[in-house]
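Order of appearance sets the numbers: ligands from 1, and atoms from 1 within every ligand. Counting from 1, the numbers follow the sequence of the chain as shown.
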Amino acid sequence: MGNLGLFFIGKKISMPFRSDCTKKRMANFFEVILEPFDLKGKNASHQPEIVSAKTKKGDHMYYSAILNMKGKKTVVVGGGKVAERKIKALLDACADITVVSPDLSDHLLRMHQEKKISWKQKTFEKDDVNGAFLVIAATNEREVNEQVYQSCEAHQLINVVDAPEKSNIIMPATFKRGDLIISVSTSGKVPGLARKLKNSLAEQFDEHFADYVEFLKEGRKRVLEEINDPEQKRMVLHQLLDKSFLEASNEERHKQLEMLLNANRSSE
Ligand SMILES: C[C@@]1(CC(=O)O)C2=NC(=C\c3[nH]c(c(CCC(=O)O)c3CC(=O)O)Cc3[nH]c(c(CC(=O)O)c3CCC(=O)O)/C=C3\N/C(=C\2)[C@@H](CCC(=O)O)[C@]3(C)CC(=O)O)/[C@H]1CCC(=O)O
Ligand SMILES: NC(=O)c1ccc[n+]([C@@H]2O[C@H](COP(=O)([O-])OP(=O)(O)OC[C@H]3O[C@@H](n4cnc5c(N)ncnc54)[C@H](O)[C@@H]3O)[C@@H](O)[C@H]2O)c1
């Protein structure tokens, strides 16, 4: 067990590490993910250039957002490998999914048998997209994907898996740790890199982050409820994000939170 000092508004508190392994992981955390690409050394003396919003003539910047897909009608055309990947993520987000395809992959068939998704066993027709919030054209036939795109109205979200330039929504590579969502996109240009970076990040932000984020969520709620002075509230919220909370065990975190709240309540 190592110890790390943390100052809570003038009061020093020690927090034990969970283990050497945790310590090593946490030490890496703030240096974040560049090792697999060996960028740190190469760019050490290089000042980053400020690039304009438009990187190349004709290119545009995307806007990233997090969609609430709960209960949203989603039509996926095609029942193969790519459809399956998109559908798994959509199911996690509680979307209401209908697949239009003459066949389904084994996994999708199981999901259908378990009543997790609906299946229209047929080839695509224009009316299949009616009423959909999100449409994904994921067949292996470029012309069919084009037909799906043409069938959508301007207000519908459409992802064409082989035509990012037509899509008004493209999917980033994503992983979740509880409420924490980390997504990587290359603006549609190099999906393999998005995937590689995501895998690298997922190793660094391991499963322990779910507990950590849960703790912060609760801690933040307590601070907002229990500390009245706005300036003190802001300062304590800032303290809560100190990396020593990340490095501590869950039990230790809660103890330190109580101390932090007590210290600030008493000085009000
Ligand atoms: C991130 C991820 C999310 C997901 O799909 O859920 C995703 N692609 C993934 C993997 C992947 N895709 C491809 C390969 C093969 C290797 C390679 O070619 O590099 C691999 C690697 C693999 O499968 O291992 C081939 C590919 N992808 C697209 C085209 C069409 C084109 O570029 O024209 C082609 C050529 C097809 C062909 O051969 O014809 C297009 C798109 N793929 C996107 C997302 C969107 C932009 C993302 C961004 O902004 O970076 C966009 C634009 C549209 C969209 O699908 O939303 C997912 C990682 C999942 C994960 O691990 O989490
Ligand atoms: N966006 C991405 O991440 C990504 C990654 C790899 C490949 N791709 C592209 O996605 C396409 C699909 O790849 P896949 O590996 O899932 O292919 P796949 O062959 O596994 O699946 C294609 C599915 O489309 C269905 N289909 C064919 N014609 C249809 C029609 N008229 N109506 C309804 N369904 C129909 C097939 O029955 C099958 O279920 C590829 O051709 C490739 O261009 C995209």
- prompt: Taking only heavy atoms of Val77, which atoms of ligand 2 are found under 4.0 Å from at least one of them?
  reply: 33 (C)
message: Ring of Phe133, cation from Lys73 - is the NZ or CZ under 6.0 Å from the centre and inside 45° of the axis?
response: no
task: Using a strict cut-off of 4.0 Å, indicate which atoms of ligand 2 neighbour a heavy atom of Thr123.
output: 31 (N), 32 (N)
query: What residue and heavy atom of the protein are closest to atom 32 (N) of ligand 2, and at what distance?
result: Phe124 N, 3.0 Å
task: Examine distances only and state if a side-chain atom of Thr139 and a backbone atom of Ala137 form a donor-acceptor pair shorter than 3.5 Å.
output: no
message: Assess the residue pair Thr174 and Lys198 against the criterion (side chain to side chain contact (heavy atoms under 4.5 Å, CB included)); give the C-alpha distance rounded to whole Å, side-chain angles, the decisive distance to 0.1 Å, and a yes or no.
response: CA-CA 7 Å; Thr174 295; Lys198 177 215 69 176; 5.6 Å; no
message: With heavy-atom distances below 4.0 Å as the criterion, list the atoms of ligand 1 near Thr186.
response: 48 (C), 49 (O), 50 (O)
- prompt: Between the side chains of Glu143 and Gln147, does any donor sit under 3.5 Å from an acceptor?
  reply: no
- prompt: Closest non-hydrogen protein atom to atom 61 (O) of ligand 1, residue and atom name please, with distance?
  reply: Lys198 NZ, 2.9 Å
query: Given Glu125, Arg85, Met171, Lys122, which one has a non-hydrogen atom that is nearest to atom 2 (C) of ligand 2?
result: Arg85
query: For atom 29 (C) of ligand 1, which candidate among Val184, Val161, Asp162 provides the closest heavy atom?
result: Val161
message: Tell me whether atom 37 (C) of ligand 1 lies less than 4.0 Å from at least one protein heavy-atom position.
response: no
- prompt: For atom 39 (O) of ligand 2, which candidate among Leu108, Asp128, Asp103 holds the nearest heavy atom?
  reply: Asp103
message: Could you check whether atom NZ of Lys189 has more than 12 heavy atoms from other residues, nucleotides or ligands sitting under 6.0 Å from it?
response: yes
field: Per-atom contacts, ligand 1 versus Ala194 - under 4.0 Å to a heavy atom
entry: 50 (O)
- prompt: Tell me: protein heavy atom nearest atom 21 (O) of ligand 2, and distance?
  reply: Gly80 CA, 3.3 Å
message: As a check for students: among Ala202, Gly192, Pro191, identify the option with a heavy atom nearest to atom 41 (C) of ligand 1.
response: Pro191
Protein contact to atom 28 (N) of ligand 2 [nearest heavy atom, distance to 0.1 Å]: Glu141 CG, 3.9 Å
- prompt: Below 4.0 angstrom, N of the basic side chain to O of the carboxylate: do Glu214 and Lys217 qualify?
  reply: yes
query: So which protein heavy atom does atom 44 (C) of ligand 2 come closest to, and at what separation?
result: Val161 O, 3.5 Å
query: So which of Met171, Lys196, Lys189 gets nearest to atom 43 (C) of ligand 1, if we judge by its closest heavy atom?
result: Met171
- prompt: Does atom CD of Glu251 have more than 12 heavy-atom neighbours, drawn from other residues, nucleotides or ligands, at distances under 6.0 Å?
  reply: no
Any Asp162 side-chain heavy atom under 4.5 Å of Arg142 side chain: yes
query: Are any of the protein's heavy atoms under 4.0 angstrom from atom 51 (C) of ligand 1, yes or no?
result: no
query: Which of these, Thr139, Val144, Val76, has its nearest heavy atom closest to atom 35 (C) of ligand 2?
result: Thr139
task: Would you check, one step at a time, whether the test side chain to side chain contact (heavy atoms under 4.5 Å, CB included) holds for Trp119 with Thr98?
output: CA-CA 6 Å; Trp119 179 23; Thr98 301; over 6 Å; no
query: Considering only protein heavy atoms, which is closest to atom 34 (N) of ligand 2, and at what distance to one decimal place?
result: Pro102 CD, 3.4 Å
Atoms of ligand 1 close to Lys86 [distance to a heavy atom under 4.0 angstrom, numbered from 1]: 4 (C), 5 (O), 6 (O), 54 (C), 55 (O), 56 (O)
statement: Of all protein heavy atoms, the one nearest atom 16 (O) of ligand 2 is Val82 N, 2.8 Å
message: Keeping Asn68 on the side-chain end and Lys70 on the backbone end, is there a donor-acceptor pair under 3.5 Å?
response: yes
task: Give the cluster check for Val190 versus Leu201: same hydrophobic cluster or not, with ILVMFWY residues linked at side-chain heavy-atom distances below 4.5 Å.
output: yes
message: Please compare Ala173, Ser185, Ser187, Ser183 and report which has the shortest non-hydrogen distance to atom 1 (C) of ligand 1.
response: Ala173
task: Select the closest option to atom 11 (C) of ligand 1 among Arg85, Glu165, Arg195, Lys81, judged by heavy-atom distance.
output: Arg85
- prompt: Between Ser167 and Ile170, is there a donor-acceptor pair closer than 3.5 Å when you use the side chain of the first and the backbone of the second?
  reply: no
query: How far is atom 53 (C) of ligand 1 from its nearest protein heavy atom, and which residue and atom is that?
result: Asn159 ND2, 3.9 Å
field: Nearest non-hydrogen protein atom, atom 19 (O) of ligand 2
entry: Asn140 ND2, 3.4 Å
- prompt: Considering only heavy atoms of Val100, which atoms of ligand 2 have at least one such atom less than 4.0 Å away?
  reply: 33 (C), 34 (N)
message: For atom 46 (C) of ligand 1, which of the options Ser167, Ala163, Gly188 provides the nearest non-hydrogen atom?
response: Gly188
- request: Have a look at Gln147, Lys120, Lys81 and point out the one with the heavy atom closest to atom 20 (O) of ligand 2.
  value: Lys81
- prompt: Which protein non-hydrogen atom lies closest to atom 33 (O) of ligand 1, naming both residue and atom, and how far is it?
  reply: Pro164 CD, 3.4 Å
message: If we count only non-hydrogen protein atoms and require a distance under 4.0 Å, does atom 31 (C) of ligand 1 qualify as touching the protein?
response: yes
- prompt: Which of the atoms in ligand 2, numbered in the order shown and given with their element, are less than 4.0 Å from a heavy-atom of Asp162?
  reply: 43 (O)
message: Any protein heavy atom at under 4.0 Å, with atom 42 (C) of ligand 2 as the reference point?
response: no
- request: Verify the cluster assignment for Leu224 and Leu216: are they in a single hydrophobic cluster under the rule of side-chain heavy atoms below 4.5 Å apart?
  value: yes
query: Where do Leu180 and Phe205 come nearest, in terms of heavy atoms and distance?
result: CD2-CD2, 4.4 Å
field: Atom NE2 of His238 with >12 non-hydrogen neighbours under 6.0 angstrom
entry: no
- request: Ignoring hydrogens, tell whether any protein atom lies closer than 4.0 Å to atom 17 (C) of ligand 1; use the non-hydrogen atoms only.
  value: no
query: Can you check whether Phe245 and Phe215 have ring centres sitting under 6.0 Å from each other?
result: yes
statement: side-chain hydrogen bond (donor to acceptor under 3.5 Å, both in side chains) test vs Glu84 passes for just one of Lys86, Lys81, Lys88, namely Lys88
- prompt: Tell me, which protein residue and heavy-atom name are nearest atom 3 (C) of ligand 1, and how many Å apart are they?
  reply: Pro172 O, 3.6 Å
message: Could you report the tightest heavy-atom contact between Val160 and Tyr149, atom names first, then the distance?
response: CG2-CB, 4.1 Å
task: Flag the pair Ile66 / Ile181 as yes when at least one side-chain heavy-atom distance between them is below 4.5 Å, and no otherwise.
output: yes
